[in-house]
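Just so we're on the same page: letters track the sequence lines, and every chain starts at 1.
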Number of protein chains: 2
Amino acid sequence: MTKPPHAGSEGASAPLRSIPEASVARLAVYLRKLGEFAEEGADTVSSDELAAATGVNPAKLRKDLSYIGSYGIRGVGYEVAALVHQLERTLGLNHRQSVALVGIGNLGHALAGYGGFGGRGFPVTALFDVDPDLVGIHINGILVEHVRAIPQVCVDRGVTIGMIATPGQAAQGVCDLLVDAGVRCILNFAPTVLQVPGEVEVRKVDLAVELQVLAFHVARKHVAAAEQTVAVNGHPVNGAGGLLS
Amino acid sequence: MTKPPHAGSEGASAPLRSIPEASVARLAVYLRKLGEFAEEGADTVSSDELAAATGVNPAKLRKDLSYIGSYGIRGVGYEVAALVHQLERTLGLNHRQSVALVGIGNLGHALAGYGGFGGRGFPVTALFDVDPDLVGIHINGILVEHVRAIPQVCVDRGVTIGMIATPGQAAQGVCDLLVDAGVRCILNFAPTVLQVPGEVEVRKVDLAVELQVLAFHVARKHVAAAEQTVAVNGHPVNGAGGLLS
DNA sequence: AGTCGCTTGTGAAGGCGCGCACAAAGTTGC
DNA sequence: GCAACTTTGTGCGCGCCTTCACAAGCGACT
């Protein structure tokens, strides 16, 4: 519909107009895979190769990449180094994003120590909790501070991304503190729907939901298998469990 | 792609015909919120209430619930207890799903100790790793065993769901072992696309991608903010102002 | 130079999910 | 018993995302 009128210009830093949300997530996947290709010494990659490696339809991949500009060479493929650079620029990875993590429980502790973040340009620079036993200790060299210090610390350290790994009841309060401190992007691991102003972006990762979706599929497959068995044995499905109905 | 065409043979308690994936995920959210409502002593809930509490459009919520049958009372709402029961049945939570977790690193350790699983009917019954320092220790009372024991242990304990929290390079091998052991549903935390047979269901949770998507939004907001600032200062973006005035 | 083969970029069609709006159905008050 | 109100269940249009198919562009080979 809305067509960028002069997309071809060297374009300064204007990333682009409205990349579909789904595409952005895949761009990150491409970027990681491209890093692996680069380590293997590949100079160029075709859309078919990269698509196969990331489990995506080749046409979809090309369309995704077309959102950030035309950096492919017809008949050859994409130059790995250049594409990596463009992807990093589009995803905002050329500036380091300072991350604050609130809630140093089981999950939070793991996130604080997770190497996948810092190594990829997301240094966790602040940790918060309310537990007096946790406040004051260091994890990976980062001091755990009290939640009430969020406003001050986040501003001081230029935090741009907040991760919430608290119990559900505490999540909204923590979220409000982060938003007040100027954080505009939040990754929420708590099983709660956060209320935020319109300009704040929230992504939710809900491990319990993921498992329950899988459980649903287990049940489906189980039913399918049972129907197969029943077809052989000639018995109706119901009444076996006794737990329900 | 394989669709059971004859699923609708008898409508009694036949779970359903093909609930959209997106709806299944929301059903799990509804279920959790309904649990909270039940604890507060609510007998019935209207779609508007539940929708507001879960941050969903009321019509969408009703449509989601209609996939599992008509358990609402017009003019009144949904009976909480009955709806919880139906949701649990649909999501396969009436049987316990035995979960195996492979990869006891930072994240795996947290997942092993995460209370949100066992309490919700997903007991983690097996832990695996390859690190000799980890094999043999107990976490939350569960013994960590060597990855090579996966085939035996998973069959013995009736594991239905596997969680992979290994480094990316090890993920595919572990996945193959799980699939061979009869596991049909896998939750993958490793940054890798898993190749699996068609009947195996894989869900991927990619923390690095989540952060990068947020970084993208940070960048976008940053650009927007910069444009605002420019507008306030009265400087045109492209530097052509002098010509016009 | 010209042709051939390969790969990108994209127009267009199809599918899916979202949300509006309304009919159906049940409850409450009189 | 009837009317008015409340809330569910769903048909339908709309927009986004996916996918196909093909023209355009680039390099290699002769």
Side-chain angles (χ1 to χ4, degrees), chain A residues 1-9 11 16-30 34 37 42-80 82-83 86-87 90 193 213, chain B residues 1 3 11 16-30 34 37 42-80 82-83 86-87 90 193 213 216:
Chain A
M1 313 229 209
T2 42
K3 262 177 94 163
H6 55 68
S9 76
L16 260 214
R17 283 303 168 213
S18 71
I19 302 177
E21 190 77 13
S23 292
V24 174
R26 285 190 297 269
L27 291 180
V29 177
Y30 305 151
L34 282 171
F37 277 118
D43 283 341
T44 63
V45 171
S46 73
S47 63
D48 279 25
E49 288 174 277
L50 188 54
T54 52
V56 168
N57 180 299
K60 199 196 311 193
L61 183 145
R62 288 198 296 273
K63 187 154 283 187
D64 286 342
L65 292 182
S66 78
Y67 288 125
I68 68 172
S70 293
Y71 296 104
I73 308 165
R74 299 181 186 218
V76 176
Y78 296 89
E79 194 189 339
V80 174
L83 190 52
Q86 287 305 326
L87 283 172
T90 303
V193 178
V213 171
Chain B
M1 284 305 182
K3 235 187 221 177
L16 38 127
R17 37 201 168 266
S18 75
I19 303 177
E21 189 76 11
S23 293
V24 174
R26 285 190 296 269
L27 290 180
V29 177
Y30 305 152
L34 281 171
F37 277 118
D43 284 341
T44 63
V45 171
S46 73
S47 63
D48 278 25
E49 289 175 277
L50 189 54
T54 52
V56 168
N57 180 295
K60 198 195 314 193
L61 183 146
R62 290 198 294 275
K63 190 160 286 187
D64 286 342
L65 292 182
S66 77
Y67 289 125
I68 68 172
S70 293
Y71 296 103
I73 307 165
R74 297 179 189 224
V76 177
Y78 297 88
E79 193 190 338
V80 174
L83 190 52
Q86 287 304 327
L87 283 172
T90 302
V193 178
V213 171
F216 168 79

Just do the side chain to side chain contact (heavy atoms under 4.5 Å, CB included) check on A:I19 and A:T90 with the steps written out, would you? CA-CA 10 Å; A:I19 302 177; A:T90 303; 3.9 Å; yes
Using the rule given for side chain to side chain contact (heavy atoms under 4.5 Å, CB included), can you reason through B:V24 versus B:Y67, listing the C-alpha separation, both sets of side-chain angles and the distance that settles it, and then say yes or no? CA-CA 10 Å; B:V24 174; B:Y67 289 125; over 6 Å; no
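If you check C:dA21, D:dA23, D:dT7 against the side chain of B:R74, the one that comes closest is D:dT7.
Taking atom CD1 of B:I19 as the reference point, atom P of C:dC18 lies 13 Å away to the nearest angstrom. One interatomic measurement links the two molecules: CG of A:L65 to C1' of C:dT7, which rounds to 13 Å at whole-angstrom precision. The distance from atom CD of A:E79 to atom P of D:dC26 is 15 Å, rounded to the nearest whole Å. At whole-Å resolution of the value, CG in A:D64 and P in C:dT8 are 13 Å apart. At whole-Å resolution of the value, CZ in A:R62 and C1' in D:dA24 are 13 Å apart. We find that CG of A:L27 is positioned 13 Å from P of D:dC17, with the value rounded to whole Å. In this structure, B:L61 atom CG and C:dC20 atom P are separated by 14 Å, rounded to whole Å.
Note on A:Y78: a side-chain N or O is less than 4.0 Å away from OP1 or OP2 of C:dG9. One finds no side-chain N or O of A:Y71 lying less than 4.0 angstrom from the OP1 or OP2 phosphate oxygen of C:dT7.
A:A51 and A:N57 get closest at one heavy-atom pair: CB-C, 4.1 Å. Residue A:Y30 comes nearest to A:V56 through the heavy atom pair OH-CG1, 3.5 Å, listed as atom of the first residue, atom of the second, then distance. Heavy atoms only, all atoms of each residue included: B:T54 and A:V193 are closest at O-CG2, 3.3 Å. The minimum heavy-atom distance between B:R62 and B:D48, with the atom names listed, is NH1-OD1, 4.1 Å.
Within the 4.5 Å cutoff, no side-chain heavy atoms of A:I73 are placed close to those of A:T44. Looking only at side-chain heavy atoms (C-beta outward), A:Y78 and A:L65 come within less than 4.5 Å of each other.
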Taking N or O atoms only and anything under 3.5 Å, show me the protein contacts with nucleotides 12-15 of chain C, one pair per line.
residue, atom, partner, partner atom, Å
C:dA12, N6, A:K63, NZ, 3.0

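Contacts between residues 42-60 of chain A and DNA chain D, defined by a heavy-atom separation under 4.0 Å, are made by A:N57, A:A59, A:K60.
Residue B:S66 is the one, among A:E21 and B:S66, whose nearest nucleotide of DNA chain D lies closer to the 5' end (criterion: closest heavy atom).
Not counting sequence neighbours, the partners of B:S23 by the side-chain hydrogen bond (donor to acceptor under 3.5 Å, both in side chains) test are B:R26, B:D64.
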